[in-house]
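Here the structure comes first, spelled out in structure tokens, and everything after it is commentary.
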Amino acid sequence: MNRLTAAFFARSVHVVAPELVGATLLVGGVGGTIVEVEAYDRADPASHSFRGPSPRNRAMFGPPGHAYVYRSYGIHWCLNLVCGSEEGAGEAVLVRALEPTAGLAAMAARRGLAEPRLLCAGPGRLTQALGVTGAHDGIPLDAPPFELRPRPAPLPVVAVPRIGISVAVERPWRHALAGSRFVSRPLRPA
DNA sequence: CGTTAGATCTCCT
DNA sequence: GGAGATCTAACGT
């Protein structure tokens with residue numbers, strides 16, 4: 001099966017992020033099609049990497065093609081895919097929403113909710129549905145339990161401002177599949 | 001529909 | 001001490 005390897009992620013996060021829309025993300029065989037991501041880079045005040053390495057963000061400064069998983073608001077886990085043309089670039093893509101296609105029953109059980117539209121619509125919901133936790137922090141994306149497959153073909157992707165940040169709010173680094181009903185929040189029309 | 005509060009981790013001042 | 005790449009339930013309109 002065709003897989004996304006480290007070479008795919010070893011480029012600028014701003015090139016990789018839109019190409020991930022339409023890609024397939026599975027964790028332990030459970031997941032679906034990526035419909036929404038956000039890009040964060042080293043010079044971005046909204047990025048965890050902006051102020052340099054810390055115990056939490058260590059993986060974000062590691063090799064591209066690995067996972068960066070952090071705890072959000074003390075409650076949720078959020079999954080990032082580390083990018084960058086060189087190790088230590090401090091770039092990553094936050095995976096914000098999937099269209100569920102595989103393991104719907106497992107996701108519903110973990111989420112305590114069966115409505116497909118709400119299983120993976122948001123970074124915290126997505127990690128809960130896929131069983132992603134801090135145990136996945138720093139591990140490679142081209143080996144089990146992860147399975148990432150490229151988009152079959154280019155798709156209509158819209159770039160809009162990111163969600164939930166209070167600085168650099170105007171940067172259009174939220175990339176989403178146009179017209180998808182599985183996004184975390186509606187795509188604000190320009 | 002809209003707004004609000006609470007969960008309580010990790011980092012910064 | 002306070003804010004944050006979030007989510008949910010509870011409440012007012």
Side-chain angles (χ1 to χ4, degrees), chain A residues 9 12-14 16-18 20-21 23 25 27 31-32 34-62 64 66-84 88-100 107-138 141 157-177 180-189:
Chain A
F9 295 98
S12 164
V13 68
H14 301 295
V16 174
L20 281 169
V21 174
L25 166 64
V27 180
I34 296 173
V35 297
E36 180 182 347
V37 299
E38 286 179 357
Y40 290 86
D41 72 28
R42 182 70 209 272
D44 172 13
S47 171
H48 288 175
S49 59
F50 182 65
R51 295 174 193 278
S54 74
R56 174 175 69 164
N57 67 18
R58 178 174 53 63
M60 204 170 165
F61 288 94
H66 289 234
Y68 164 44
V69 182
Y70 72 93
R71 199 187 277 285
S72 175
Y73 290 89
I75 304 285
H76 309 289
W77 297 104
C78 290
L79 170 65
N80 294 256
L81 313 180
V82 177
C83 298
E91 304 183 352
V93 172
L94 171 67
V95 186
R96 288 192 55 92
L98 301 183
E99 175 174 343
M107 291 192 239
R110 289 178 180 140
R111 294 266 303 119
L113 179 158
E115 169 56 47
R117 196 182 68 78
L118 296 176
L119 287 178
C120 300
R125 290 166 169 171
L126 183 157
T127 54
Q128 185 184 21
L130 271 56
V132 170
T133 70
H136 297 89
D137 186 40
L141 298 169
V157 176
V158 294
V160 297
R162 295 172 291 181
I163 307 269
I165 56 175
S166 58
V167 294
V169 294
E170 75 293 345
R171 298 182 193 187
W173 292 353
R174 177 188 179 213
H175 303 278
L177 177 61
S180 174
R181 65 188 238 274
F182 294 93
V183 295
S184 64
R185 289 169 56 167
L187 302 173
R188 188 209 304 168

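Lettering of chains follows the sequences in order, A, B, ..., and the numbering in each one begins at 1.
From A:Glu91, atom CD reaches atom NE2 of A:His14 across 6.0 Å, with rounding to the nearest 0.5 Å.
At the phosphate of C:dT6, OP1 or OP2 sits under 4.0 Å from a side-chain N or O atom of A:Arg96. For A:Arg125, a side-chain nitrogen or oxygen approaches OP1 or OP2 of C:dT8 to under 4.0 Å.
In terms of heavy atoms, A:Pro100 sits closest to A:Met107 at CB-CE, 3.7 Å. Considering every non-hydrogen atom in both A:His76 and A:Gly124, the closest pair reads CB-CA, 4.0 Å.
Whole-Å rounding puts the A:Leu79 CG to C:dC7 C1' distance at 17 Å. In this structure, CD1 of A:Ile75 is placed 13 Å from P of C:dA9, rounded to the nearest angstrom. When the C1' atom of C:dT6 is taken as reference, atom CG of A:Leu118 falls 14 Å away, rounded to whole Å. Distance, A:Leu126 CG to C:dC7 C1': 14 Å, rounded to whole Å. Distance CZ (A:Arg185) to C1' (C:dC7): 12 Å, rounded to an integer number of Å. C:dT6 atom P lies 11 Å from atom CZ of A:Arg162, rounded to whole Å.
Of all nucleotides listed (C:dT8, C:dG4, C:dA5), C:dT8 comes nearest to the side chain of A:Arg111. Set against C:dA5, C:dG4, C:dT8, the side chain of A:Leu94 has C:dA5 as its closest nucleotide.
Here the side chains of A:Leu20 and A:Phe9 are in contact, with some heavy-atom distance below 4.5 Å. With contacts defined as side-chain heavy-atom distances shorter than 4.5 Å, the pair A:Leu81/A:Val37 does not qualify.
The stretch residues 37-55 of chain A participates, sequence neighbours left out, in these salt bridge (charged side-chain N to carboxylate O under 4.0 Å, His left out) pairs: A:Glu38-A:Arg96, A:Asp44-A:Arg162, A:Asp44-A:Arg171.
Here the range on DNA chain B touched by chain A, meaning any atom under 4.0 Å from one of its heavy atoms, is B:dA7 to B:dT13.
Using a distance-only test at 3.5 Å, with no hydrogens or angles considered, no donor-acceptor pair links the side chain of A:His175 to the main chain of A:Ala159. Judged purely by atom type and a 3.5 angstrom limit, A:Ser72 has no side-chain atom pairing as donor or acceptor with the backbone of A:Cys78.
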>> Expected output check: what is the dot-bracket annotation of DNA chain C, where ( ) and [ ] are pairs inside the strand (brackets for crossing ones), | is paired with another strand, and pairs are Watson-Crick or G-U under 3.5 Å?
In response: ||||.|||||||.
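For A:Glu99, the side chain to side chain contact (heavy atoms under 4.5 Å, CB included) criterion is met by A:Thr33, A:Val35, A:Phe182, not counting sequence neighbours.
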Between protein and nucleic acid, restricted to nucleotides 1-3 of chain C and to nitrogen or oxygen atoms under 3.5 Å apart, what atom pairs and distances do you find?
none

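Heavy atoms of A:Gly124 sit under 4.0 angstrom from primed sugar atoms or phosphate atoms, though from no base atom.
For residues 47-58 of chain A, proximity to DNA chain B is found at A:Arg51, A:Ser54, A:Pro55, A:Arg56, defined as any non-hydrogen atom under 4.0 angstrom from a strand atom.
For C:dA5, its base sits under 3.5 Å from the side chain of A:Tyr70 at one donor and acceptor pair at least.
Looking only at atom types and distance, the side chain of A:Gln128 has a donor-acceptor partner in the side chain of A:Arg111 under 3.5 Å away.
Checked options A:Tyr68, A:Tyr70, A:Tyr40; the residue passing with A:His48 is A:Tyr68 (criterion: side chain to side chain donor-acceptor pair (under 3.5 Å)).
Distance check on atom P: C:dA5 versus B:dG2 gives 24 Å, rounded to whole Å.
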